[in-house]
Colleague: 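What follows is a structure written as structure tokens; I'll ask about it next.
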Amino acid sequence: MAQRKNTSNGSSQKFTRKPARKPVRKISKKQQQIYRRRRIVAVIVLLAVIAALCGLVYGVVRGVQAVSGASASSSQSASAPANTSSNASAKASSKSSGTSSKSASSKSSASASKSAKASASASSTKSKNPSIPSCTASDVSLDLTADTTTVAQGGKVTFKVVIKHDSKRDCVIDGSNASRILTITSGDNTVWRSDSCPAESRQLLMTGSDKDSQTIAWNTTSTGSECQAESARSKVDAGTYVAMLSVKDHPKIKSSPVTITVQ
């Protein structure tokens, strides 16, 4: 600060100089664009750093999961032999059961197929060679057996009926329930007949030592003069009943009687 004395009037006076203002710096448009670009670059770098940090965290999490998965896999591998043994045992049992079922089914199918083939063969042979005689009492015999001889009212008895060829000559016989008839009587009264309902003819060519085996079920009911559904038939009373096989139109072909007691 400079001081100056006024000598004209003999008094002294101080003058203070104000500091000069700094000139305002003007930024050109080009510099503004540069600053803006720098800010954009800084934001991009910041975003890249954040993305890198997220990737690092994700990698750590996946690593932990991989370690946990490896531990679980080793535990499953340890229990695998026991499961394999159990599965092998179950498969073996299933295979054995399936084989038994298949064998039984095959035998049943084979028996039915054989019977059907024999019937078809008999019909074909009879039509081609009408000289083949019908079976008589000297050619075939009937055999009748029951799975039980004592049954409760409303119960069921299963009969096995067999036609056996006994002669040296070939013959033809109808083995259907309408021709090979099972009759159940009580005294002089006929209680049940297998031919109470129509049945298709089943022509059998009997030769050599042929046998035809079938089953017939009796549900301890009585048949009327007309064909009725099993559910519509009335139950028989307790008592003694006699079952016998015979061949229609050949009264001499018959089986021995089988006595059934209904309690």
Side-chain angles (χ1 to χ4, degrees), residues 104-149 156-186 188-219 221-230 233 241-260:
S105 177
S106 298
K107 288 181 180 179
S108 177
S109 299
S111 178
S113 176
K114 184 177 180 181
S115 178
K117 288 181 179 179
S119 178
S121 175
S123 298
S124 176
T125 303
K126 184 75 173 176
S127 62
K128 290 181 180 179
N129 190 356
S131 63
I132 297 179
S134 296
C135 295
T136 64
S138 61
D139 298 316
V140 295
S141 59
L142 302 179
D143 186 29
L144 178 66
T145 56
D147 64 343
T148 180
T149 57
K156 182 175 74 171
V157 180
T158 300
F159 294 96
K160 181 179 180 181
V161 298
V162 180
I163 303 175
K164 294 191 244 180
H165 184 246
D166 301 322
S167 71
K168 294 182 180 180
R169 71 166 189 165
D170 297 345
C171 63
V172 175
I173 188 171
D174 185 357
S176 68
N177 286 342
S179 179
R180 186 260 300 119
I181 304 169
L182 173 62
T183 305
I184 298 175
T185 59
S186 176
D188 295 331
N189 298 321
T190 299
V191 176
W192 189 93
R193 290 176 63 93
S194 64
D195 63 343
S196 61
C197 290
E200 292 185 3
S201 175
R202 197 169 66 92
Q203 295 294 324
L204 303 174
L205 174 61
M206 306 301 289
T207 181
S209 57
D210 285 348
K211 287 184 181 181
D212 178 70
S213 298
Q214 303 292 324
T215 57
I216 300 177
W218 178 46
N219 296 310
T221 57
S222 60
T223 54
S225 57
E226 297 180 356
C227 179
Q228 292 179 313
E230 188 64 36
R233 295 173 179 176
Y241 298 84
V242 177
M244 182 180 290
L245 279 177
S246 61
V247 176
K248 187 177 182 180
D249 300 329
H250 292 277
K252 291 184 180 181
I253 306 177
K254 58 184 179 181
S255 70
S256 298
V258 176
T259 302
I260 304 296

Colleague: Set out, in order, the CA-CA distance, both residues' side-chain angles and the distance that settles side-chain contact (heavy atoms from CB on, under 4.5 Å) for D147 and V157, then state yes or no.
Modeller: CA-CA 6 Å; D147 64 343; V157 180; 3.7 Å; yes
Colleague: Quick check on side chain to side chain donor-acceptor pair (under 3.5 Å): which of N177, D174, D212 does R202 satisfy it with?
Modeller: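 By the side chain to side chain donor-acceptor pair (under 3.5 Å) criterion, R202 pairs with just one of N177, D174, D212: D212.
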Colleague: Go through the steps for K211 and H165 under the test side-chain contact (heavy atoms from CB on, under 4.5 Å), then give the verdict.
Modeller: CA-CA 6 Å; K211 287 184 181 181; H165 184 246; over 6 Å; no
Colleague: Looking at side-chain heavy atoms only, is the closest gap between V140 and I173 below 4.5 Å?
Modeller: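 Yes, at least one pair of side-chain atoms sits under 4.5 Å.
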Colleague: List the steps and the verdict of side-chain hydrogen bond (donor to acceptor under 3.5 Å, both in side chains) for N219 and T221.
Modeller: CA-CA 5 Å; N219 296 310; T221 57; 5.6 Å; no
Colleague: Under 3.5 Å, is there a donor-acceptor pair linking the side chains of T136 and D139?
Modeller: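 A donor-acceptor contact under 3.5 Å links the two side chains.
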Colleague: Please test Y241 against W218 for ring pair (Phe, Tyr, Trp, His ring centres under 6.0 Å), starting from the C-alpha separation and ending with a verdict.
Modeller: CA-CA 12 Å; Y241 298 84; W218 178 46; 5.8 Å; yes
Colleague: Which distance, rounded to the nearest 0.5 Å, do you find between the OG of S138 and the CZ of R169?
Modeller: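 Reported to 0.5 Å precision, the distance equals 5.5 Å.
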Colleague: Find out whether F159 and T215 are in side-chain contact, i.e. whether some heavy atom of one side chain is under 4.5 Å from a heavy atom of the other.
Modeller: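 Not touching, per the 4.5 Å side-chain cut-off.
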Colleague: Any chance you could lay out the side-chain contact (heavy atoms from CB on, under 4.5 Å) test for L182 and L144, step after step, and finish with the verdict?
Modeller: CA-CA 9 Å; L182 173 62; L144 178 66; 3.9 Å; yes
Colleague: Within the structure provided, determine whether L142 and I163 are in side-chain contact (heavy-atom separation under 4.5 Å).
Modeller: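 Touching, per the 4.5 Å side-chain cut-off.
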Colleague: Taking R193 first and then D195, would you say they form a salt bridge - that is, a charged N and a carboxylate O separated by under 4.0 Å?
Modeller: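 Yes, R193 and D195 are salt-bridged.
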Colleague: Does a sphere of radius 6.0 Å around CD in E230 hold more than 12 heavy atoms from other residues, nucleotides or ligands, not counting ones at 6.0 Å or beyond?
Modeller: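 Yes, enclosed.
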